[in-house]
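Since the structure comes first, as structure tokens, the remarks are kept for the end.
All heavy atoms count here, side chains included; hydrogens, waters and symmetry mates do not.
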Amino acid sequence: MEEDDMSHSKRPQQPIENYGIIGNLQTTALVSKEGSIDFMCAPDFDSPTLFASLLDSENGGYFAVIPELEDYQTKQLYLPGTAILLTRYFAESGIAELTDYMPISTAATDGAVVRKIKTIRGTIRFAMTCEPRFGYMKEQHSSSKTDNEISFICSSLSQNLKLIADVPLRIKDLAGCADFTLDEGQSATIVLKLSNHEPICDLEWYKANAYHQTTSYWRNWVNTTTYDGRYGELITRSAITLKLLTSIKYGSVVAAATFGLPETLGGDRNWDYRFTWIRDAAFTMYAFLTLGYTQEAENFMGWLHGLCKEIDLQLVYRIDGSPEVKEEVAPQFEGYQQSKPVRIGNAAAEQFQLDIYGELIDTIYIYNKSCRPITFEFWTLIEKQVLTVISNWDKPDHGIWEIRNEKKSFLHSRLMCWVAMDRAIKIAEHRSFPFPKAEWHQVRSDIYQDIYHDFWNEDLKAWVQYKGGAQIDASVLLMPLTHFIAPLEPRWLSTMEAVKKNLLQDVLVYRYRNTEHKFDGLEGEEGTFNMCSFWYIEALAKSGEVELATEHFEKMIGYANHLTLFSEELGKRGEHLGNFPQAFTHLALISAAVELNKQIGRQKR
């Protein structure tokens with residue numbers, strides 16, 4: 001057995017957009033174009049990191065397979081309709097292929113990463129290094145080898161990884177290593193098992209069965225969609241990405257796979273998104289329901305039902321429903337491109353944000369209407385949330401963008417309070433549930449009047465970010481998307497012009513402008529917000545600008561990475577910024593694509 005001496009070399013960090021994602025619905029791993037797993041938490045999305053060289057190039061840990069080829073180039077692709085990722089290496093002397101995936105078990109065991117290496121042409125020598133760093137790089141571990149199996153043991157976390165392969169393995173400086181040569185047509189399989197109690201321990205099982213089971217799982221799932229329209233491949237890739245961020249154990253869904261990736265290089269906007277935001281999850285379920293993926297919505301409703309029974313809703317939870325998401329700085333990480341501080345946990349859990357009730361009840365409304373009728377007992381829990389809205393709708397809050405400054409009366413929060421009342425009334429009337437009809441209708445009307453009149457800025461000819469303000473906010477784009485305002489109403493068309501003038505750069509949209517007054521309480525600028533760009537496209541389509549919306553959509557897709565994945569934001573060079581891949585972006589892409597399909601279809605009739 002060897003003890004940890006922490007000796008390892010610095011590795012250059014890849015751009016955020018150079019990654020693909022694989023997963024098993026319990027956690028995910030990011031695989032670079034070079035074939036290196038540079039970010040992974042295990043056994044769950046919100047567990048400590050095993051590999052994090054994306055955040056610390058020297059100490060973060062990684063799992064790489066590298067062909068010894070001169071002047072090689074790489075390309076990546078997904079097998080259609082799956083989360084199985086292929087990385088190909090092209091050189092004059094040969095071609096190699098790396099297949100990466102994580103088998104999915106409905107028993108929710110702790111899982112494994114399977115890596116199959118194959119020589120397509122020539123004779124190629126490969127080098128493999130698996131260098132885990134446990135507990136956000138803070139925990140010591142030991143390594144031991146028996147037969148052709150290496151165990152990485154972290155006693156303080158009770159974690160035991162096992163590396164198994166059909167090529168000779170060795171230990172070097174606590175890392176698992178292998179050097180092997182494959183002739184044309186030959187292949188090798190390397191498996192990293194994420195638990196010592198994984199029920200399937202035989203390498204031969206992985207070689208004979210895992211690939212086919214994983215392929216079948218994904219294609220069977222994809223084929224349950226009811227969507228049959230334009231942009232099918234784009235929508236499928238985004239749906240698979242959202243599915244990868246969904247927990248098979250709990251039914252919850254994380255906002256993104258990563259933490260600490262910066263919204264501005266060198267800035268301090270480096271957040272942890274590996275948790276379940278009520279808002280993001282509700283939007284995600286809306287996307288699933290739109291596409292006919294009802295099981296995910298049912299599982300989420302089960303998770304939510306448990307929360308509503310136990311406690312009043314907060315904004316963000318761990319994936320198991322725990323409210324403990326305390327934010328702290330992790331100084332041991334150097335940060336992506338030296339962007340510090342890297343944060344673990346998220347202080348947004350302590351914020352007061354009223355909009356979550358609208359997004360949540362809107363999703364329940366759609367679920368009740370198009371999937372499965374909710375129970376009366378569930379309705380009584382919804383009533384409790386409606387009472388919270390009635391008591392608080394006119395109070396200032398921190399808003400959808402989680403402003404770390406003084407609370408304000410935000411338009412988006414007020415809009416979503418109206419949505420909460422409107423959808424709750426519709427559920428009750430559709431199902432004939434008892435509710436105080438006169439009171440709820442009056443509150444809905446009061447909120448509508450407040451938004452329509454008190455958030456309008458006559459000088460800007462637009463609805464503004466907060467009451468009494470003079471700033472445009474991209475969340476205003478949700479006004480027609482939530483059916484608050486007709487998309488051809490003069491005030492709305494005027495607001496669209498204000499968005500275009502103040503927030504638009506070609507097809508890219510800023511969520512707001514952080515002026516010299518540092519409105520959001522944070523230093524620095526940020527990139528354009530991908531979700532807002534897709535909101536703008538959907539709003540254009542609803543307003544009858546279908547040709548322009550289609551052009552914007554196609555151009556926006558051009559900003560995706562080579563696998564049609566998106567992060568949260570785009571920088572000045574079009575580089576991806578923020579956590580990756582981002583659920584918000586992909587669900588907004590789906591919504592915009594579905595709306596475009598509908599509007600184009602109407603034009604052709």
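Using a 4.5 Å heavy-atom cutoff, the side chains of Q353 and S413 are not in contact. Within the 4.5 Å cutoff, no side-chain heavy atoms of L261 are placed close to those of L577. Q314 has its side chain out of reach of L307: every pair of non-hydrogen atoms, C-beta onward, lies at least 4.5 Å apart. Taking 4.5 Å as the limit, every side-chain heavy atom of M40 sits out of range of all side-chain heavy atoms of T49. Here the side chains of I485 and Y452 are in contact, with some heavy-atom distance below 4.5 Å. Two residues are said to be in side-chain contact when any heavy atoms from C-beta on lie closer than 4.5 Å; D272 and E327 fail this criterion.
Neither side chain, E402 nor H398, offers a donor N or O lying under 3.5 Å from an acceptor on the other. N597 and R230 are linked by a side-chain donor-acceptor pair at a separation below 3.5 angstrom, with hydrogens and angles left out of the test. When only modelled atom types and interatomic distance are considered, N561 and E17 share no side-chain donor-acceptor pair under 3.5 Å. At a cut-off of 3.5 Å, with distance as the only test, a side-chain donor of W271 or E263 sits close to an acceptor on the other residue.
A search for side-chain hydrogen bond (donor to acceptor under 3.5 Å, both in side chains) contacts involving T246 returns nothing, not counting sequence neighbours.
Cation-pi geometry between R414 and F455 is not met: the NZ or CZ atom fails to fall both under 6.0 Å from the ring centre and inside 45° of the normal. For the pair R513 and Y510, the cation-pi test (distance below 6.0 Å, angle within 45°) is passed.
Taking a cutoff of 4.0 Å between a charged side-chain nitrogen and a carboxylate oxygen, D422 and R444 qualify as a salt bridge. No salt bridge links R269 with E568; every basic N to acidic carboxylate O contact stays at or beyond 4.0 Å. At a threshold of 4.0 Å, the pair D46-R318 counts as salt-bridged, since one of the basic side-chain nitrogens sits closer than that to a carboxylate oxygen. A salt bridge links D450 to K467: one of the charged nitrogens lies within less than 4.0 Å of a carboxylate oxygen.
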field: Steps toward side-chain hydrogen bond (donor to acceptor under 3.5 Å, both in side chains) verdict (D44, T27)
entry: CA-CA 5 Å; D44 295 311; T27 191; over 6 Å; no
task: Could you please spell out the steps behind the side-chain contact (heavy atoms from CB on, under 4.5 Å) verdict for L387 and E383?
output: CA-CA 6 Å; L387 291 176; E383 280 188 294; 5.5 Å; no
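Checked against a 6.0 Å centroid threshold, the rings of Y19 and F39 do not count as neighbours. Aromatic rings from F283 and F584 are positioned such that their centres are separated by under 6.0 Å. Between W401 and F529, a ring centre-to-centre spacing shorter than 6.0 Å is recorded. Less than 6.0 angstrom separates the ring centroid of F534 from the ring centroid of F566.
Going from atom CD1 of I374 over to atom OH of Y367 covers 9.5 Å, rounded to the nearest 0.5 Å. For the atom pair CE (M285) and OH (Y293), the distance works out to 13.5 Å, reported to the nearest 0.5 Å. D473 CG to R511 CZ: the interatomic distance, rounded to the nearest 0.5 Å, is 9.0 Å. Taking CD1 of I16 as the reference point, atom CG of L54 lies at 6.5 Å (rounded to 0.5 Å).
Annotation for N346 and F275: closest pair N-CE1, 4.2 Å, computed over non-hydrogen atoms. The shortest heavy-atom contact between A83 and I240 is CB-CG2, 4.1 Å. Closest approach of A297 and L289 over heavy atoms only: CB-CD2, 3.6 Å. Pairing each heavy atom of S567 with each of H576, the nearest pair is OG-CB, 3.2 Å. Looking at every heavy atom in both residues, A257 comes nearest to I21 through CB-CD1, 4.1 Å. Considering all non-hydrogen atoms of both residues, M479 and L411 come closest at SD-CD2, 4.2 Å.
No donor-acceptor pair under 3.5 Å is formed between the side chain of E489 and the backbone N or O of R491. The backbone N or O of A282 lies less than 3.5 Å from a partner atom in the side chain of T363, making a donor-acceptor pair. A donor-acceptor distance shorter than 3.5 angstrom exists from the side chain of T224 to the backbone of W221, with no hydrogens or angles considered. When atom types are taken as modelled, the side chain of K542 and the backbone of L481 share no donor-acceptor pair closer than 3.5 angstrom. With hydrogens and angles disregarded, a donor-acceptor distance shorter than 3.5 Å links the side chain of N502 to the backbone of A498. Judged purely by atom type and a 3.5 angstrom limit, S238 has no side-chain atom pairing as donor or acceptor with the backbone of I235. A donor-acceptor pair is defined here as one N or O able to donate and one able to accept, closer than 3.5 Å; no such pair exists between the side chain of N299 and the backbone of G251. Y365 places no side-chain N or O within 3.5 Å of a backbone atom of A420 that could act as its donor or acceptor partner. Under a 3.5 Å cut-off, the side chain of N457 and the backbone N or O of V464 do not form any donor-acceptor pair.
Among residues at least two apart or in separate chains, salt bridge (charged side-chain N to carboxylate O under 4.0 Å, His left out) pairs with a member in residues 285-301 are K243-E296, E298-R372.
No more than 12 heavy atoms of other residues, nucleotides or ligands lie within 6.0 Å of CD in E233, so this atom counts as exposed by the packing criterion. Atom CG of D228 sits in a sparse spot, with 12 or fewer heavy atoms from other residues, nucleotides or ligands closer than 6.0 Å.
Relative ring orientation between F259 and Y136 is described as perpendicular, the plane-to-plane angle rising above 60° on a 0-90° scale split at 30° and 60°. Using cut-offs of 30° and 60° for the angle between ring planes, the W379 and F433 rings count as parallel.
No option in K408, H412, Q471 other than Q471 meets the side chain to side chain contact (heavy atoms under 4.5 Å, CB included) test with Q465.
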